[in-house]
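Count residues from 1 along the sequence. Both counts, for ligands and for their atoms, begin at 1 and track the order of listing.
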Amino acid sequence: MTNNKITIAIDGFSSTGKSTVAKQLAKELSYVYVDTGAMYRAITLYAMRKGYIKSDSFDVPGLIKDLPSLNLKFVFDESLGYAAIYLNEENVEDEVRTLEVSQYVSRVAAISEVREKLVAQQQEMGLEKGVVMDGRDIGTVVFPNAELKIFMTATAEERAGRRYKEMKEQGQDVNYEEVLKNVTDRDHLDTTREDSPLVKAEDAIEIDNSALNIEEQFQKILQLSQDTIAAQKI
Ligand code: DC
């Protein structure tokens, strides 16, 4: 039997709801979901714990030296309904979501050696297809031949509002202004970095979800996925 599974790449600005729709899609299609942002976040957490990143300094060579010994993996978590990120055998799924990690992660993601390691691992995870991967460079660098590429956008205010609500619900002590600043700072760093900046792949389908609710967005992308899968069978 031929394998009709496809690779679905979902890229876009931070807090556009990429992971929400990617998880829904993976579940519906029985595909594997890979949150590549969690991998950059786990390396950032490691650098913070080791003292390589401090508020006023960043020992980049120190972090690069440790990269070969860092082990990242995803382990399916029944209660979450998706895979949690593990750093050297420790479940760090919650810890990588803090505002502190968010504040440093773009700097870590700008390091070419970090990207090289993570892109190689991501490509390996997608070898068999049947994956929904979300990030910033999935359609441009990780899987330039992905059968379906989605590029998600929404206004910075809309994204900060959603993120703020989510963090409050998780019990984090944040205010809207600092979340908005984090969103716009990350947009700037992610789009202007030299290595693999966030850009829309030429063949990606852009979806501005400022005015879409989660269900409408899911249905729209599910339809695109099913059409693409059906086209593979011809
Ligand atoms: O999707 P996220 O907010 O969890 O991503 C965290 C950071 O990691 C984001 O600011 C940019 C970076 N990132 C990246 O450079 N490439 C990816 N494929 C995924 C994330």
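Glu178 places a side-chain N or O within donor-acceptor distance of the main-chain N or O of Asn175, the cut-off being under 3.5 Å. Between the side chain of Asn209 and the backbone N or O of Leu212, no donor-acceptor pair lies under 3.5 Å. Not a single donor-acceptor pair under 3.5 Å links the side chain of Arg115 to the backbone N or O of Ala110. Although no hydrogens or angles enter the test, the distance criterion places a donor-acceptor pair under 3.5 Å between the side chain of Asp11 and the main chain of Asp137. Not one N or O on the side chain of Lys200 forms a donor-acceptor pair closer than 3.5 Å with the backbone of Phe151. No donor-acceptor distance shorter than 3.5 angstrom exists from the side chain of Tyr33 to the backbone of Leu25, with no hydrogens or angles considered. Using modelled atom types, one side-chain atom of Lys117 and one backbone atom of Leu67 make a donor-acceptor pair closer than 3.5 Å.
Near Gly135, meaning under 4.0 Å from one of its heavy atoms, ligand 1 places the atoms 17 (C), 18 (N), 19 (C). If you number the atoms of ligand 1 from 1 as listed, the ones under 4.0 Å from a heavy atom of Ala109 come out as 12 (C), 15 (O). Within ligand 1, counting atoms from 1 as listed, the ones closer than 4.0 Å to a heavy atom of Asp190 are 9 (C), 10 (O), 11 (C). Residue-ligand proximity, Arg115 to ligand 1, at heavy-atom distances under 4.0 Å covers atoms 14 (C), 15 (O), 16 (N). Near Ser106, meaning under 4.0 Å from one of its heavy atoms, ligand 1 places the atoms 10 (O).
Some N or O of Arg41 is nearer than 3.5 Å to an N or O of ligand 1, by distance alone. Residue Asp35 places no N or O, backbone or side chain, under 3.5 Å from any N or O of ligand 1. For a threshold of 3.5 Å applied to N or O pairs, the pair formed by Arg186 and ligand 1 contains at least one separation below that value. For the pair Asp134 and ligand 1, the shortest N or O to N or O distance does not fall below 3.5 Å.
Using the six-membered ring where Trp is involved, Tyr52 and Tyr46 have ring planes that are tilted, between 30° and 60° apart.
Annotation for Ile214: atom CD1 does not count as buried by contact number, only 12 or fewer foreign heavy atoms lying within 6.0 Å.
The shortest contact between atom 2 (P) of ligand 1 and any protein heavy atom is with Arg136 NH2, 3.6 Å. Annotation: atom 19 (C) of ligand 1 to nearest protein heavy atom, Thr36 OG1, 3.3 Å. The protein atom (non-hydrogen) at minimum distance from atom 18 (N) of ligand 1 is Asp137 OD1, 2.8 Å.
Arg193 counts as a contact of ligand 1, since one of its heavy atoms falls under 4.0 Å from the ligand. Taking a 4.0 Å cut-off on heavy atoms, Gln122 fails to register as neighbouring ligand 1.
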